[in-house]
Protein chains: 2
Amino acid sequence: MSLKRNNETHANKVYNFLKKKKKPLSAYEILKELASEGISAPTTIYRALNKLVSNGLIHKIESLNAWTVCCGNHENKVPIFEICKTCGNVTEHLDINIANSIKSLSEKTGFLADNPIFEIHGQCNNCI
Amino acid sequence: MSLKRNNETHANKVYNFLKKKKKPLSAYEILKELASEGISAPTTIYRALNKLVSNGLIHKIESLNAWTVCCGNHENKVPIFEICKTCGNVTEHLDINIANSIKSLSEKTGFLADNPIFEIHGQCNNCI
DNA sequence: AAATGCAATGTTATAACATAACAAAAATCC
DNA sequence: GGATTTTTGTTATGTTATAACATTGCATTT
């Protein structure tokens, strides 16, 4: 009887869970739901989330204290999240204009950007 | 002997304190320093901060859990914060290009924006 | 095979951030 | 002055995140 660990890392479990849910979730929400998968401490969740963020697979939505799966390959674009105050829907957009605006601001100020956070709270067009 | 309360509201005290410090501070940092001014509970700090944010006098920097004084009149611009990972310096910029990019994204998606959060982590040109 | 190194994970505690709910005091309005 | 509104206080608790130490699992080296 093998005592070998199931091959799926906790980070993978978290990633697959977030992929299935399709919306941003807080660390504790994830923890609550993945307790049944052998993850019992917030530490483990945060480690997994930090790893997934470092690998570019998920984003943290700062103003929601939540994490969500990255929508795709950014290339030269910057992700920007629209967060509806009414229904809670969060949509990630990739916008080249904003990427260019950042670049020109960076050239003006000499700031070497590596981690942008763009979130807009408002109302989506279903709720207006 | 008047028992009348000092006329300065706690919100004003917090605002003047943040103005003097010229850098973002967390609620608890503010609390610690203004304890001597008769502010003894986090509740009071958060109320003051929320009021100052509502009045447009300060901004919350989401990724730092910190608040800082607004740099001026925005008019049609959007504030964007450059946050240096090395020295911790935080600079607010007002950028018309980004405001315009937001507006055109909004027109494309139908999203009614009312509260943008723009923060960029990186290195300032003194630390590169 | 045993030892080593590193990544992943566990455990426990605590730090840091924020809000809820009730009450009281102070200021303002009529 | 009384009513109303705003500000503040108190207490408790909820939410988010990290620190610090330890163990386990796996791959590589000896």
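Sequence lines set the chain letters: A, B, ... in the order given, protein chains first and strands last, and positions in each chain run from 1. Keep in mind that this is a model prediction, so the values were computed, not measured. Values below: every heavy atom of this structure, side chains too, minus hydrogens, waters and symmetry copies.
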Quiz item: Are the side chain of B:E119 and the backbone N or O of B:S63 linked by a donor-acceptor pair below 3.5 Å?
Solution: yes
Practice problem: Name the orientation class of the two ring planes belonging to A:F118 and B:F118 (parallel below 30°, tilted from 30 to 60°, perpendicular beyond 60°). | Solution: tilted
Quiz item: Does the aromatic ring of A:Y28 sit over the six-membered base ring of D:dT15, closer than 5.5 Å centre to centre and tilted less than 30°?
Solution: no
Quiz item: Any side-chain N or O of B:S26 under 4.0 Å from OP1/OP2 of C:dC17?
Solution: yes
Practice problem: Please state whether the base of C:dA7 and the side chain of A:T9 form at least one donor-acceptor pair under 3.5 Å? | Solution: no
Exercise. Please determine if a side-chain N or O atom of A:K51 lies less than 4.0 Å away from the OP1 or OP2 oxygen of C:dA7.
Key: no
Quiz prompt | Nearest-Å distance for atom pair NZ/C1', residues A:K32 and D:dT15 | solution = 11 Å
Quiz prompt | Listed nucleotide nearest any side-chain atom of B:N65, set C:dG10, C:dA18, C:dA20 | solution = C:dA18
Quiz item: Of the nucleotides C:dC22, C:dT11, C:dG10, which one has an atom closest to the side chain of A:H10?
Solution: C:dG10
Self-check item: 5′-ward residue of the pair A:K60/B:I39 relative to DNA chain D
Solution: B:I39
Quiz item: Would you find a donor on one side and an acceptor on the other, under 3.5 Å apart, between the side chain of A:E29 and the backbone of A:S26?
Solution: yes
Quiz prompt | Whole-Å gap separating P (D:dA17) and OH (A:Y46) | solution = 4 Å
Quiz item: Is there a donor-acceptor pair under 3.5 Å between the side chain of A:S106 and the backbone N or O of A:I102?
Solution: no
Self-check item: Of the listed nucleotides D:dT10, C:dT11, C:dA18, the one nearest the side chain of B:T44
Solution: D:dT10
Self-check item: Distance-only donor-acceptor test (3.5 Å): side chain B:T43, base C:dA20
Solution: yes
